[in-house]
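Accompanying notes for the structure given below.
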There are 2 protein chains.
Amino acid sequence: MGKPASFSTKDRILGAAEELFAQHGFAGTSLRQVTSHADVNIAAVNYHFGSKENLVNEVFRRRMDEMTAARLGQLEQARSSQPGDLRAVLAAFVEPALALAQDRQSGGAFVRVIARAYAEKNDNLRKFLSDHYGHVLREFGKAIGACVPGLSKEELYWRLDFLAGALTYAMADFGLIKRPHNISEAAHRSKAAQELIHFAEAGFRANARTPDSSLT
Amino acid sequence: MGKPASFSTKDRILGAAEELFAQHGFAGTSLRQVTSHADVNIAAVNYHFGSKENLVNEVFRRRMDEMTAARLGQLEQARSSQPGDLRAVLAAFVEPALALAQDRQSGGAFVRVIARAYAEKNDNLRKFLSDHYGHVLREFGKAIGACVPGLSKEELYWRLDFLAGALTYAMADFGLIKRPHNISEAAHRSKAAQELIHFAEAGFRANARTPDSSLT
DNA sequence: GTCTATACGTGGATAGAC
DNA sequence: GTCTATCCACGTATAGAC
C-alpha cells in the first residue's frame, strides 16, 4: 500500500491542511479552503479521511511520530553515554518538543492539536493522546526515576505532569516571556529548553512528600 | 445601566451558555441550544453579545474576575501574615485556580477558554488574556522575587511561565495522574495543589543561570 | 479504487417588522 | 428590546463518472 507516485491527492490534502491549520487554526480553516489549496475536489477529503476531525488527527500524527522517535532516540543516547544524568534525560524530553513546536511548517498546527483536546470535550482524541503520549511519558518516568532515587512513583508522575504542562505552555509560546528581536528563534528556543530543564531538575530533586520507600 | 430586574435575558443566556459549554464544549454547543435552554429567541444572543465568540469570552470573564480577586486577596493575606514565605505566595497563585477549575458549574468552560486561545489563532483573545492575566502574573512575580533574592527578572519570568503552564495542565486534568475512586475531588485537588507548590518551590529556588545581581 | 458534481441539513449571523 | 424570516457558509453524504 502507498504508491510511490509523485504526489497523491491524499498527500496534497495533508500538506495544504497542515499549512492552513498552522496559520489560521482549525475553526478558522474550512475544508473548502483546504481542497482549494490542494487543488482537489471538496469530497476528496471525506473520501480519504472520513471527516475533518480525522484529517486534523492525521496531520498531527505524522509530526507526533517524528517527535516521539526523536525523544526516544535522544533518551537512549543519554542513558548509554551519560547514565544517571538527570539533565540529559530531561533534555531528551524537552528539546525535540520545542524544536518541533518552532518548525514554521508544522509547529503551529502541532501544538494546537494538543490544545484542542483541552478545549473541546473530545474523549477520542484524549484517549489517542494518552495511549501514545502516555507510553513515552512512562518511559521517561523510568529514566528519571533511575536518576532520582527515593522518589515514589506517585510523586514522579505528578512531577512529570507538571513538566509536560510547562513544556506545552512553552511550545505554544504563551507566557510573559517574549523573544527579543535581536536574538534568533533557534537561540530563544535553546534558552527556553535550558531554563525549563534547570527548573524541572530542581523540581524533580525536591524531597519526596510521600516517602513510600526505605531510608536506606 | 444594568437594571436590577429579576433575571434579565442577558443573564439567562450567560447562565445557560456556561452550563452547556462546560458540558459539551464550544463547538459542541449551538446557539440554538443555548437560547432554547435560556428560553429566549435565537436572535437575542447576537443582539446582546454580538457573536458566539463574544459570548464565550463573557462567560469566561465573569469567572476570571472572581479568580483574580481570590488570588490577589490570598496573596495580600500571605504577604502580611507570612512575609517572605514562598510557599504561601505560590499557594495564593495555585489554589484559587484549581478550585475554580474543579467547579462543576463553571470549571469545564473556564479551562476551555484558555485552551482555546492556544488551539485557535485568536490574537484578540490572546491579547485580552495577556492584558489581564499578565497583570496578575507580574504582581506574583514581585511577590516571589521578594522571597527569592538573587533571581534576575528574566529568570523569574521564565519560571513563572513554567508554573502557569503546569497549573493550566493540572486544571485541565490532562496528565497521567488520575484521581483514585476512593478519594474525593476536593482531596485530589488539594493534593494537586500541594504537589505543584512543592515542585515549583524547588524550581524557583534553583540557582539563577544568569546572575545579574551582586553576590552580597 | 479515485475522484467529481451536487444536494442536504445545520450553523451563525442579519435585516426589518413589531 | 424582541422576534420572525431569511441568508450564506459550512461539514457531510451520496450517486455516478472515470
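Treat the numbers as computed from the prediction; the structure is a model and nothing was measured. The sequence lines fix the lettering, A, B, ..., with proteins before strands; numbering per chain opens at 1.
Screening residues 173-190 of chain A for salt bridge (charged side-chain N to carboxylate O under 4.0 Å, His left out) gives A:R104-A:E185, A:R179-A:E185 as the qualifying pairs, with residues at least two apart or on separate chains.
For the OP1/OP2 pair of C:dG1 and a distance below 4.0 Å, the side-chain nitrogens and oxygens of A:H48 include no atom meeting the criterion. The phosphate of C:dT2 has OP1 or OP2 within less than 4.0 Å of a side-chain N or O from A:Y47.
The pair A:K191-B:E154 meets the salt-bridge criterion, since a charged nitrogen lies less than 4.0 angstrom from a carboxylate oxygen.
Cation-pi check for A:R112 over A:F21 is not met; the charged atom does not lie both under 6.0 angstrom from the ring centroid and within 45 degrees of its normal.
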### Check against side-chain contact (heavy atoms from CB on, under 4.5 Å), B:T168 and A:Y169
CA-CA 8 Å; B:T168 305; A:Y169 211 70; 3.8 Å; yes
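Here B:R138 contributes atom CZ and B:K153 contributes atom NZ; the two are 8.5 Å apart, rounded to the nearest 0.5 Å.
Per the geometry, CG belonging to B:D39 stands 13 Å off C1' belonging to D:dC3, to the nearest Å.
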### Query
Reading nucleotides 4-18 of chain D from the 5' end, what letters show protein touch, with B for base, S for backbone sugar-phosphate only, - for no heavy atom under 4.0 Å?
B-----BBBBB----
